[in-house]
J.: 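Sharing a structure here in structure tokens format.
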Amino acid sequence: MKGFLLLIALLALFTACQKNDNLPSVPKIEFLGFSKESLVQNGQDSILVRFAYQDLEGDLGYESGDNIFIYDPRTGQRLASYQFPLDPNSPQTQEGELQLIVYSACCIYQDTVPNCGPHPSVFNEDFSYELQLIDQAGQASNRLLCPPIRLLCQ
């Protein structure tokens, strides 16, 4: 009986030390939530964007340089970039959650009124952020299109 229990304990220890091959080699990100539902346009407001990440190699952080990117899918422009936090004590496999402070974008009008200013007839615009991670090997995660939030144009 002792031998059987020892065998089970060794088997459990062996499987606990193995890499989790179910995690993707290319980083993966998943939207978890926003801190609020609307923003005042033109960088006058900010929101917390929370997302989960997974990476098999655990090579997400850089010692210098940014590797988290926020895009405006309406224009394709990069709105912001961030450096993934380095943790020298983290295991080889990384998965967890992050929260970023992201500033608001501008409302985009289809007529001659300049973007970012108030419009006489457009009061709100639904807007989405798009996020992407790039690991140290240069592998890009999926491009995560967040659910729309309300951008207050006035």
J.: Would you find a donor on one side and an acceptor on the other, under 3.5 Å apart, between the side chain of Glu130 and the backbone of Asp72?
T.: no
J.: Tell me if a side-chain donor or acceptor on Ser128 pairs with a main-chain N or O of Cys146 at a distance below 3.5 Å.
T.: yes
J.: Can you name the nearest heavy-atom pair linking Asp45 to Ser38, along with the distance?
T.: OD2-O, 4.1 Å
J.: Charged N to carboxylate O below 4.0 Å: is that the case for Arg74 and Glu125?
T.: yes
J.: Starting from Ile101, can I reach Leu98 by hopping between I/L/V/M/F/W/Y residues whose side chains sit under 4.5 Å apart?
T.: no
J.: Working to the nearest 0.5 Å, report the span between CD of Glu30 and CD of Gln54.
T.: 7.5 Å
J.: Return the CD to CG distance between Gln139 and Leu133, rounded to the nearest 0.5 Å.
T.: 12.0 Å
J.: If I take atom CD from residue Gln99 and atom CD1 from residue Ile47, how far apart are they, to the nearest 0.5 angstrom?
T.: 10.5 Å
J.: Counting distance only, does the side-chain N/O of Gln132 pair as donor-acceptor with the main-chain N or O of Asn67 below 3.5 Å?
T.: no
J.: Just how far is it from atom CG of Leu152 to atom CG of Asn42, taken to the nearest 0.5 Å?
T.: 12.5 Å
J.: Suppose the criterion is ring-ring contact (aromatic ring centres under 6.0 Å, His included): which pairs have a residue in residues 127-154, not counting sequence neighbours?
T.: Phe127-Tyr129
J.: When you look at CD of Glu97, are more than 12 heavy atoms from neighbouring residues, nucleotides or ligands closer to it than 6.0 Å?
T.: yes
J.: Return the orientation label for the His119 and Tyr109 ring planes: parallel under 30°, perpendicular over 60°, tilted otherwise.
T.: tilted
J.: Are Lys28 and Asp55 ion-paired here, with the side-chain N under 4.0 Å from a carboxylate O?
T.: no
J.: Taking the side chain from Asp135 and the backbone from Leu60, do they hold a donor-acceptor pair closer than 3.5 Å?
T.: no
J.: Has the side chain of Glu37 got a donor or acceptor atom that lies under 3.5 Å from a matching backbone atom of Ile149?
T.: no
J.: Evaluate the pair Cys107, Cys153 and indicate whether the two SG atoms are within a distance below 2.5 Å.
T.: yes
J.: I would like to know whether Tyr53 and Phe84 meet ring pair (Phe, Tyr, Trp, His ring centres under 6.0 Å); could you show each step before the answer?
T.: CA-CA 11 Å; Tyr53 62 89; Phe84 192 91; 5.0 Å; yes
J.: With Arg50 as the cation and Phe34 as the aromatic partner, state whether NZ or CZ is under 6.0 Å from the six-membered ring centre and within 45° of the axis.
T.: no
J.: Hey, does Tyr103 have a side-chain heavy atom less than 4.5 Å from the side chain of Leu39?
T.: no
J.: Is a side-chain donor or acceptor of Lys36 paired with a backbone partner of Leu48 at a separation under 3.5 angstrom?
T.: no
J.: In Å and rounded to the nearest 0.5 Å, what is the CZ to CD1 distance from Phe51 to Ile29?
T.: 6.0 Å
J.: I need the Gln154 CD to Asn124 CG distance, nearest 0.5 Å.
T.: 8.0 Å
J.: For Asn115 and Cys106, indicate whether the former's side chain and the latter's backbone hold a donor-acceptor pair under 3.5 Å.
T.: no
J.: Are Leu79 and Leu151 co-members of a hydrophobic cluster defined by side-chain heavy atoms under 4.5 Å apart?
T.: yes
J.: Which heavy atom in Tyr71 sits nearest to a heavy atom in Pro73, and how many Å separate them?
T.: O-CD, 3.4 Å
J.: How close do Gly43 and Ser104 get, heavy atom to heavy atom, and via which atoms?
T.: N-OG, 2.9 Å
